[in-house]
Novice: 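Can you keep this structure in mind? I'll have questions shortly.
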Amino acid sequence: GSADFKLIMWGTDGAFHKRFSGHTGAVRAVAILGMHIWSAGDDHTLRVWDAGYGLFNLQTEPLLATLQGHTGAVTALLPHTDSVLSCSADGSVRCWAVGGSHEYLREVELRSGPVQSHVPVGQAEWAGGQDGPVHVLDALPRGPSRPPRKGPSRLCSGIGKLAASTPP
């Protein structure tokens with residue numbers, strides 16, 4: 001994804017495969033789920049693309065769905081169980097169905113400014129944004145249920161999770 005509003009598919013050998021066009025703002029996030037490419041950006045939309053268009057040079061319409069509902073730039077995508085979570089500059093995290101109609105399922109408003117990053121941690125999701133603290137969402141339908149964890153005093157631009165491991 002790029003600031004030129006497009007997605008480019010490259011082979012592992014560096015060869016150009018296909019260009020996907022449709023966003024009307026910079027593409028900020030991309031997620032791959034099976035043969036579907038999800039993209040999101042400054043135009044407040046998510047788009048679902050057919051990866052077969054690029055991989056197999058299909059002459060079909062590559063755009064499968066345009067998902068609307070956010071009122072700010074969509075800054076991150078996260079595949080999570082049977083859905084995709086999107087976080088936005090509008091201060092919300094939305095949940096979308098993966099298959100079929102890619103319908104909107106639910107939303108959590110953090111009321112803390114733009115959400116920049118999120119990561120699943122066990123059954124919860126941790127989200128960070130412009131206000132600094134990391135918000136813990138126990139279950140997306142209920143919204144934040146624990147006090148925010150103390151984070152940076154300003155923008156939290158990324159959250160990561162280390163896999164727990166023990167030495168052999």
Side-chain angles (χ1 to χ4, degrees), residues 1-121 125-130 135 137 139-141 143 155-161:
S2 177
D4 70 357
F5 313 169
K6 295 175 181 63
L7 284 88
I8 304 292
M9 180 182 280
W10 302 92
T12 55
D13 61 356
F16 170 83
H17 279 278
K18 282 287 186 176
R19 178 176 288 113
F20 296 81
S21 300
H23 279 283
T24 58
V27 177
R28 291 184 174 253
V30 176
I32 310 297
L33 287 107
M35 289 298 291
H36 291 170
I37 303 167
W38 289 62
S39 62
D42 286 350
D43 61 2
H44 309 180
T45 69
L46 288 79
R47 295 176 190 261
V48 184
W49 309 89
D50 179 4
Y53 171 78
L55 290 174
F56 308 117
N57 205 22
L58 300 178
Q59 299 304 312
T60 59
E61 174 59 42
L63 182 61
L64 300 173
T66 300
L67 311 177
Q68 299 177 329
H70 282 293
T71 58
V74 184
T75 55
L77 295 172
L78 177 69
H80 190 59
T81 59
D82 58 349
S83 60
V84 171
L85 304 175
S86 59
C87 59
S88 172
D90 64 14
S92 71
V93 177
R94 283 183 160 237
C95 182
W96 307 87
V98 170
S101 67
H102 303 98
E103 66 187 306
Y104 161 74
L105 300 172
R106 56 195 177 271
E107 175 178 16
V108 171
E109 283 287 334
L110 295 183
R111 302 182 194 281
S112 60
V115 181
Q116 299 292 327
S117 179
H118 52 168
V119 65
V121 178
E125 176 192 2
W126 292 23
Q130 195 159 3
H135 299 271
L137 312 174
L140 196 56
L155 173 70
C156 176
S157 61
I159 298 175
K161 177 178 86 171

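FYI, side chains are in, hydrogens and waters are out, and symmetry mates aren't considered; it's all heavy atoms of this structure. Quick caveat, the model's predicted, so the values are computed rather than measured.
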Novice: Backbone N or O of Cys95 within a donor-acceptor pair of the Ser83 side chain at under 3.5 Å?
Specialist: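 No.
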Novice: Over all heavy atoms of both residues, which pair between Ala89 and Thr75 is shortest? Give the atoms and the distance, please.
Specialist: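 Heavy atoms only, the tightest pair is N-CG2, 4.4 Å.
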Novice: I'd like a table of donor-acceptor pairs (distance under 3.5 Å, sequence neighbours excluded) in which one partner is a side-chain atom from residues 32-40, with atom names and distances.
Specialist:
residue	atom	partner	partner atom	Å
Ser39	OG	His23	NE2	2.7
Ser39	OG	Trp49	NE1	2.8

Novice: Going through the checks in order, is the side chain to side chain contact (heavy atoms under 4.5 Å, CB included) test met by Val98 and Val84?
Specialist: CA-CA 6 Å; Val98 170; Val84 171; 4.1 Å; yes
Novice: Tell me whether the guanidinium CZ or amine NZ of Lys6 lies under 6.0 angstrom from the six-membered ring centre of Phe20 and within 45° of its axis.
Specialist: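 Pair Lys6/Phe20 does not count as cation-pi.
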Novice: I want to check something: taking the side chain as every heavy atom from C-beta on, are Leu105 and Glu103 in contact at a cut-off of under 4.5 Å?
Specialist: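 A side-chain contact exists here, since the closest heavy-atom pair is under 4.5 Å.
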Novice: Which pair of non-hydrogen atoms, one from Thr24 and one from Asp43, has the smallest distance, and what is that distance?
Specialist: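 Heavy atoms of Thr24 and Asp43 come nearest at N-OD2, 2.9 Å.
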Novice: Search all heavy atoms of Ser88 against all heavy atoms of Ala73 and return the closest pair with its distance.
Specialist: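 What the structure gives for the nearest pair is OG-O, 3.0 Å.
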Novice: Could you give the distance from CH2 (Trp96) to CG (Leu67), rounded to the nearest 0.5 Å?
Specialist: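 Interatomic distance, Trp96 CH2 to Leu67 CG, rounded to 0.5 Å: 5.0 Å.
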Novice: I'd like to know if Arg94 pairs up with Asp90 as an ion pair, taking the criterion as any Lys NZ or Arg NE/NH1/NH2 lying under 4.0 Å from an Asp or Glu carboxylate oxygen.
Specialist: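 The answer is no: the pair does not qualify as a salt bridge.
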Novice: Between Arg47 and Leu63, is the side chain to side chain contact (heavy atoms under 4.5 Å, CB included) condition met? List the steps.
Specialist: CA-CA 7 Å; Arg47 295 176 190 261; Leu63 182 61; 3.8 Å; yes
Novice: Would you give the length of the straight line joining atom CG of Leu46 to atom OG of Ser86, rounded to the nearest 0.5 angstrom?
Specialist: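 Between Leu46 CG and Ser86 OG, I get 4.5 Å after rounding to 0.5 Å.
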Novice: Restricting to side chain to side chain donor-acceptor pair (under 3.5 Å), what partner residues turn up for Asp50, sequence neighbours left out?
Specialist: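 None.
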Novice: Could you check whether Thr45 and Gln68, counting side-chain N and O atoms only, form a donor-acceptor pair closer than 3.5 Å?
Specialist: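 Short answer, no.
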Novice: Starting at NE2 of His17, measure out to CZ of Phe56 and round the result to the nearest 0.5 Å.
Specialist: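 One gets 10.0 Å once the value is rounded to the nearest 0.5 Å.
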